[in-house]
Colleague: 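Would you mind keeping the following structure in view while I ask a few things?
Because only heavy atoms are used, hydrogens play no part in the values below, and waters and symmetry mates are left out as well, while side chains stay in.
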Amino acid sequence: MLFSYRAICQQQVSEYSGAVHKKFTSRFEAERFIQETSTQGPLPDIPQSVTIETTKCVYCGKLIYSDSDLIAPKLVPPVKPKPALPVKPKSVPPVKPASYERVYTDGAAINNGRPGAIAGIGVYFGPNDPRNISEPLWDGNQTNQRAELAAILCALEMFSPHTPLEICTDSQYSIDCIRKWNHGWKKNNWKTATGGDVVNVDIIQGILEKIQVRAGPVKLTKVRGHSGDPGNDGADQLAVLGANKRTE
């Protein structure tokens with residue numbers, strides 16, 4: 001039998017005692033050996049096998065029949081790869097802050113806190129801006145604080161819910177109602193700590209509802225009243241004009 005690999009040959013003859021095998025450097029020599037020895041006949045019960053040692057060149061894949069045929073090519077020392085330079089993360093452009101629409105609000109009350117008081121609201125965008133509002137406070141108690149809250153609610157209603165909005169007011173009372181005190185009032189079923197009703201609760205709740213449904217943020221900015229701020233002074237003048245409309 002003729003085998004190309006020693007391992008296969010050994011598997012075939014390992015079960016036979018005294019089995020022999022012979023190595024050749026080429027298939028031609030192996031076949032000629034078989035022809036020359038076939039007239040003598042094989043030994044009884046002893047298989048005779050011939051192995052041709054072959055392998056593949058690890059460089060070119062060529063089939064090689066003996067170790068003497070394998071002439072390894074001249075090896076070039078491997079080039080040590082240069083360490084990879086650290087990859088700088090792509091710079092992410094800073095998030096552009098939302099462009100807020102700024103508006104000034106104010107409330108005014110003539111004879112505030114006295115019988116017969118009249119109040120008005122002012123919403124100011126700029127000189128001669130057609131969006132400016134000057135109106136009387138038509139419902140509820142005619143107080144300065146109620147007019148301040150009503151002006152903020154009016155400003156919220158003027159804009160799309162997607163517009164980022166900055167409302168500038170000189171009323172710390174209004175800001176605290178919207179950003180601070182309302183949390184405790186909600187927990188207490190809109191009662192004060194002493195159990196009394198929250199003053200101006202209808203307008204406060206209206207403002208909170210408007211802010212809650214808005215997709216655009218709302219920023220409340222405290223400004224100093226009567227300090228020469230053109231925006232605040234403009235809103236104050238509109239509020240006073242609005243209050244005087246009640247007497248017309």
Side-chain angles (χ1 to χ4, degrees), residues 94-109 112-113 117 119-126 129 131-240 242-243:
V95 178
K96 186 178 181 180
S99 179
Y100 283 83
E101 186 78 34
R102 178 178 294 176
V103 60
Y104 290 82
T105 63
D106 204 355
N112 186 45
I121 65 173
V123 180
Y124 181 79
F125 292 90
D129 194 303
R131 296 173 295 175
N132 292 345
I133 292 178
S134 176
E135 291 292 338
L137 179 64
W138 291 110
D139 63 335
N141 295 330
Q142 299 293 298
T143 65
N144 183 66
Q145 290 182 339
R146 185 173 179 84
E148 296 271 14
L149 288 168
I152 293 175
L153 179 59
C154 182
L156 285 168
E157 292 175 341
M158 294 179 66
F159 289 91
S160 161
H162 299 282
T163 302
L165 182 60
E166 179 184 14
I167 300 176
C168 301
T169 176
D170 62 7
S171 173
Q172 188 63 50
Y173 162 79
S174 297
I175 294 175
D176 288 341
C177 286
I178 299 167
R179 296 303 191 197
K180 186 188 301 183
W181 298 333
N182 74 87
H183 303 296
W185 292 335
K186 288 179 183 178
K187 293 179 181 178
N188 203 29
N189 197 25
W190 290 101
K191 298 289 183 180
T192 64
T194 59
D197 294 332
V198 175
V199 179
N200 302 318
V201 63
D202 55 333
I203 302 182
I204 296 170
Q205 289 178 339
I207 292 173
L208 295 175
E209 289 173 1
K210 290 291 183 182
I211 294 176
Q212 184 177 7
V213 300
R214 287 179 58 86
V218 175
K219 181 164 57 175
L220 297 175
T221 301
K222 174 69 167 61
V223 295
R224 293 181 60 186
H226 309 287
S227 62
D229 184 316
N232 178 255
D233 290 348
D236 179 67
Q237 293 173 9
L238 292 175
V240 173

Colleague: Do any pairs count as a salt bridge (charged side-chain N to carboxylate O under 4.0 Å, His left out) and have a residue in residues 182-193, sequence neighbours left out, and if so which ones?
Modeller: K191-D197

Colleague: Go through the steps to decide whether V201 and W185 satisfy the test side chain to side chain contact (heavy atoms under 4.5 Å, CB included), and finish with yes or no.
Modeller: CA-CA 10 Å; V201 63; W185 292 335; over 6 Å; no

Colleague: Nearest heavy-atom pair of N144 and G107: which atoms, and what distance?
Modeller: OD1-O, 2.8 Å

Colleague: Does the side chain of N132 pick up a donor-acceptor pair with the side chain of Y104 at under 3.5 Å?
Modeller: no

Colleague: Looking at every non-hydrogen atom in both residues, tell me the closest pair between S134 and G242 and how far apart they are.
Modeller: OG-N, 3.0 Å

Colleague: With side chains defined as the heavy atoms from C-beta onward, is the minimum distance between Y124 and Q237 less than 4.5 Å?
Modeller: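 Sidechains of Q237 and Y124: no contact.
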
Colleague: Can you name the closest pair of heavy atoms from E148 and D106 and give their distance?
Modeller: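 Heavy atoms of E148 and D106 come nearest at OE2-OD1, 3.0 Å.
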
Colleague: Restricting to non-hydrogen atoms, name the atom on A150 and the atom on I121 that form the minimum distance, rounded to 0.1 Å.
Modeller: CB-CG2, 3.9 Å

Colleague: Taking salt bridge (charged side-chain N to carboxylate O under 4.0 Å, His left out) as the definition, give me every residue that meets it alongside E209, ordered by chain and number, with sequence neighbours left out.
Modeller: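 E209 satisfies salt bridge (charged side-chain N to carboxylate O under 4.0 Å, His left out) with no residue once adjacent residues are dropped.
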
Colleague: With heavy-atom distances below 4.5 Å as the criterion, would you say the side chains of E166 and V103 are in contact?
Modeller: no

Colleague: Please report, to 0.1 Å, the donor-acceptor pairs under 3.5 Å made by any side chain of residues 210-218, with sequence neighbours excluded.
Modeller:
| unit_1 | atom_1 | unit_2 | atom_2 | d |
| --- | --- | --- | --- | --- |
| R214 | NH1 | S160 | O | 3.2 |
| R214 | NH2 | T163 | O | 2.1 |

Colleague: Which donor-acceptor pairs under 3.5 Å do side chains of residues 152-159 form with protein atoms, sequence neighbours excluded?
Modeller:
none

Colleague: Going through the distances and angles, do Q172 and D176 end up as a side-chain hydrogen bond (donor to acceptor under 3.5 Å, both in side chains)?
Modeller: CA-CA 6 Å; Q172 188 63 50; D176 288 341; 3.0 Å; yes

Colleague: Give a yes-or-no answer on whether the side chains of S171 and T169 include a donor-acceptor pair shorter than 3.5 Å.
Modeller: no

Colleague: How far apart are the closest heavy atoms of G122 and A151, and which atoms are they?
Modeller: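 Reported closest heavy-atom pair: O-CB, 3.9 Å.
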
Colleague: Check whether Q142 reaches the backbone of L137 with its side chain - one donor and one acceptor, N or O, closer than 3.5 Å.
Modeller: yes

Colleague: Name all residues meeting the salt bridge (charged side-chain N to carboxylate O under 4.0 Å, His left out) criterion together with D202; count only those two or more places apart in sequence or in a different chain, and write none if there are none.
Modeller: R146

Colleague: Nearest heavy-atom pair of C168 and V223: which atoms, and what distance?
Modeller: CB-CG1, 4.0 Å

Colleague: Could you pull out all residues at least two apart from R179 that satisfy salt bridge (charged side-chain N to carboxylate O under 4.0 Å, His left out)?
Modeller: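 Partners of R179 under the salt bridge (charged side-chain N to carboxylate O under 4.0 Å, His left out) test: none.
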
Colleague: Hey, is the main chain of R131 close enough, under 3.5 Å, to the side chain of D129 for a donor-acceptor pair?
Modeller: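 Side chain of D129 to backbone of R131: a pair is present.
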
